Asks: 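Okay, handing you the structure first.
Side-chain atoms are counted along with the backbone in the values below, which use heavy atoms only and exclude waters and symmetry mates. Just so you know, these numbers come straight off a predicted model, no measurement behind them. So that the names make sense, note that chain A is the first sequence line, chain B the second, and so on, each numbered from 1.
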Amino acid sequence: MTNAEIVDRLELTGRLMELHDYDAFKIRAFSSAAFNLDKSTADLANLPVEELVKLPGVGKSVAHKIREIVETGHLTDLDNLLAETPEGVMEMFRIKGLGAKKIRTLWHELGIDNLRDLQLAGENGQIAKIKGFGASTQEKILNSLMFLQEQKGKVRMDRAAMLANVLHDELANHFKRVDITGQVRRKAQEVDTIQLLIETSDPVGAQRYLNGLPMLVQNEQESSPFAWRGRMEGSDVGIELLMFPADQIDRQLFIQTAAEPHLQQVGSANVSLLQAALTVPNASEEGIYERAGLPFIVPEMREDEFAFRWASHHQNDELVTWDDLRGTLHNHSTWSDGKQSIADMAAYCRELGLTYFGIADHSKTATYANGLDVDRVRAQHAEIDQLNAQFGDDFTIFKGIESDILGDGSLDYDDATLATFDYVVASVHQTLTMTIEKATTRLLRAIENPYTTILGHPTGRLLLAREGYPIDHRAVIDACAYHNVVVEINASPYRLDIDWRWIDYAMERGVMLSINPDAHDLAGLLDMHYGVAVGRKGGLTKTMTFNALTLTEMKAYLQKRKKR
DNA sequence: GCCGTTTTCGGCCCGACTGTTTTCAGTCG
């Protein structure tokens, strides 16, 4: 039982108590316990009640609930609440703008207990008529429903990779060769089908074996003699297992990895040569591109015609790799909402072979995240100075901040305070509903601020959960070029923002991109792998990667920029 | 339900923003 699983159950209990109109302070106790424990590094599953009650937000009652969760895997209170709540009502929590109170009203006043009825009520204008609701809320609900429908059956790349690896390892026990291909190999940020190639000369026997695996649930209608289709137990995302004899696997690896537009592009480039290349036995991927007279395209980039435009003036070895990264710049610590101390985060960075660690905790407006007021900024800088004094010339902690971009585009500290940082990541965290004009103007103002070093998660999107605010990407990137601002590739698999499709335009305009993990704990630093993946997808070169600068280069860059 | 004492019960309580109000409830990060 992990901390996250315990926290999720407490959080859900609080939310359902609110839905069922429990006492507000009792609800608060559960949510605040969840909120506090989410940031805890204690091993909750192995703490006795007397230790649990010492943790902030945990009293006797919650401590016993935690023990119950750990020992039985269940929480009776939660099970009872769930039994009283229709599944469709639970799904309504995924609608943006709907919280427990509004859902309760919709459920009790209109009898809505599923998303289909919610949509009908919205389309009929019934929602706008309820007291406390209006036309605007109704429209927001309908928009959110539409967004959710588009995301159905998809998972983020981190979960897709995890599931694909589990499946790969299981199948590799039985089959001679198994390859992950399709969207996962292409490093798609969202995946609707996890696809694997299986080498076999006995597809009938292979199907029989697959259907005997408890982790797989077949969709018989979708399947065929050479293609097993279905899903994994406990997951909605589609699974496709394609069976081929040994001499066809490499060629299929090429065909199945490529997105349709990429295949078409290869075909239209030279149909006859490609056909010839594809019919050669044991054709390798390199051989296929070579025989078709085309440059080799790395798997990540096999989406559309962009790859060939990129390849016309770049070499594959220019693409950024994990080993090119020299440091990391957007990270949180226990000073705001991170789980680990600056010292522990920095130590882990050194273990990873990085040479600098930039701390960019939340700024004062982000009160929910324990953002730093001016006094705490000073105190944090003193701590960083002390830590830096212990390092040699080979490692440095930089003093950064993730300063909130306020509604009018200004940053949330005065210039004197901003001047005390080595660098500033400027990010939007509130007022996410804006027109494209307003959102763009707001970002442009933040970019114009002489203290802004990096523009953080430019659209604020959360993959599969929230559309970002609309922005004029060209105008924003052009402004970054003019004002010498770096653009973040937020590497959290929840964000991956800026989208990889804009990387090439940024590079063209001379704008560097920073692969920023937005890490809130040690493991979060490894999210830079996802940033590298989407960076490569967008053709990001090592030379245009901000955090591929060496420590000496980074120090010089930040110093020079401060003097402007 | 948690906390912190005025040590056994009273007070707890992010703030900005939105949309709905006409003074505020609900949501969000």
Asks: Taking O4'-C1'-N9-C4 for purines and O4'-C1'-N1-C2 for pyrimidines, is B:dT8 syn (within 90° of 0) or anti?
Replies: syn

Asks: Provide the distance between the two P atoms, one in B:dG11 and one in B:dA16, to the nearest whole Å.
Replies: 26 Å

Asks: Testing the 3.5 Å rule here: is there a donor-acceptor pair between the side chains of A:Gln340 and A:Asp521?
Replies: no

Asks: Hydrogens and angles aside, do A:Ser336 and A:Asn370 bring a side-chain donor and acceptor to less than 3.5 Å of each other?
Replies: no

Asks: Assign each of A:Gly132 and A:Gly99 to its nearest nucleotide of DNA chain B by heavy atoms, then name whichever residue's nucleotide is nearer the 5' end.
Replies: A:Gly132

Asks: Take atom NZ of A:Lys140 and atom C1' of B:dG26, then tell me their distance rounded to the nearest Å.
Replies: 10 Å

Asks: For B:dG1 and B:dT5, measure between their P atoms and round to the nearest Å.
Replies: 22 Å

Asks: Give a yes/no on whether any side-chain N or O of A:Thr137 is located under 4.0 angstrom from OP1 or OP2 of B:dT20.
Replies: yes

Asks: Validate the cation-pi geometry between A:Arg561 and A:Tyr423: distance from NZ or CZ to the six-membered ring centre under 6.0 Å, angle to the ring axis within 45°.
Replies: no

Asks: Can you tell me the distance, in whole Å, between the CD1 atom of A:Ile405 and the P atom of B:dG29?
Replies: 16 Å

Asks: Can you check the A:Asp404 CG to B:dC17 C1' distance for me, whole Å?
Replies: 13 Å

Asks: Find which nucleotide of DNA chain B each of A:Pro56 and A:Arg466 is nearest to by heavy atoms, and output the residue with the more 5' nucleotide.
Replies: A:Pro56

Asks: Using the P atom as the point on both nucleotides, what is the distance between B:dT18 and B:dG10, in whole Å?
Replies: 40 Å

Asks: With a 4.0 Å limit, can you tell me whether A:Lys101 has a side-chain N or O closer than that to the phosphate oxygens OP1/OP2 of B:dG26?
Replies: yes

Asks: Is any side-chain N or O of A:Thr431 closer than 4.0 Å to OP1 or OP2 of B:dA16?
Replies: no

Asks: Taking atom P in both B:dT27 and B:dT21, what distance in whole Å separates the two?
Replies: 15 Å

Asks: Base, sugar-phosphate, or nothing for A:Leu432, non-hydrogen atoms under 4.0 angstrom?
Replies: sugar-phosphate

Asks: Given the structure, check if the side chain of A:Arg28 and the base of B:dC12 hold any donor-acceptor pair shorter than 3.5 Å.
Replies: no

Asks: Among B:dC28, B:dC2, B:dT20, which nucleotide has an atom closest to any side-chain atom of A:Ser136?
Replies: B:dT20

Asks: Tell me whether A:Phe25 is stacked on the nucleobase of B:dC12, counting only the six-membered base ring and applying the 5.5 Å and 30° thresholds.
Replies: yes

Asks: With a 4.0 Å cut-off on heavy atoms, is A:Ala33 in touch with a base, just the backbone sugar-phosphate, or nothing at all?
Replies: nothing

Asks: What integer distance in Å separates A:Phe35:CZ from B:dC28:P?
Replies: 16 Å

Asks: Could you state the NE2-P distance from A:His64 to B:dG1, rounded to the nearest angstrom?
Replies: 13 Å

Asks: Taking any strand in view, what nucleotide pairs with B:dT8 in a Watson-Crick or G-U wobble way, both distances under 3.5 Å?
Replies: none

Asks: Nearest to the side chain of A:Lys96, heavy atoms from C-beta on, is which of B:dG1, B:dC28, B:dG15?
Replies: B:dC28

Asks: Would you mind telling me which of B:dT27, B:dC2, B:dT18 lies closest to the side-chain atoms of A:Lys102?
Replies: B:dT27

Asks: Say we look at B:dC13 and B:dC3: how far apart would their P atoms be, to the nearest angstrom?
Replies: 12 Å

Asks: Could you check how far CG of A:Asp23 sits from P of B:dC12, rounded to whole Å?
Replies: 15 Å

Asks: If you measure only the distance, is there a donor-acceptor pair under 3.5 Å linking the side chains of A:Thr452 and A:Asn449?
Replies: no

Asks: Kindly assign one of parallel, tilted or perpendicular to the pair A:Trp502 and A:His473, based on the angle between their ring planes and the thresholds 30° and 60°.
Replies: parallel

Asks: Grab the CG-C1' distance between A:Leu106 and B:dT27 for me, whole Å please.
Replies: 14 Å

Asks: Taking atom types as modelled, is there a side-chain donor on A:Asp385 or A:Asn388 under 3.5 Å from an acceptor on the other?
Replies: no

Asks: Under 4.0 angstrom, heavy atoms only, what part of the nucleic acid is A:Leu406 near: base, sugar-phosphate, or nothing?
Replies: nothing

Asks: When the C1' atoms of B:dG19 and B:dT8 are considered, how many whole Å apart are they?
Replies: 43 Å

Asks: Taking the C1' atom of each, how far is B:dG15 from B:dG4, in whole Å?
Replies: 25 Å

Asks: In whole angstroms, how far is the P atom of B:dG19 from the NZ atom of A:Lys131?
Replies: 18 Å

Asks: Determine, for A:Glu51 against A:Lys54, whether the closest basic-nitrogen to carboxylate-oxygen distance falls under 4.0 angstrom.
Replies: yes

Asks: Would you mind classifying the nucleic acid contact of A:Ala135 as base, sugar-phosphate or nothing, using non-hydrogen atoms under 4.0 angstrom?
Replies: sugar-phosphate

Asks: Roughly how many Å apart are B:dC12 and B:dC17, using the P atom of each and rounding to a whole number?
Replies: 25 Å

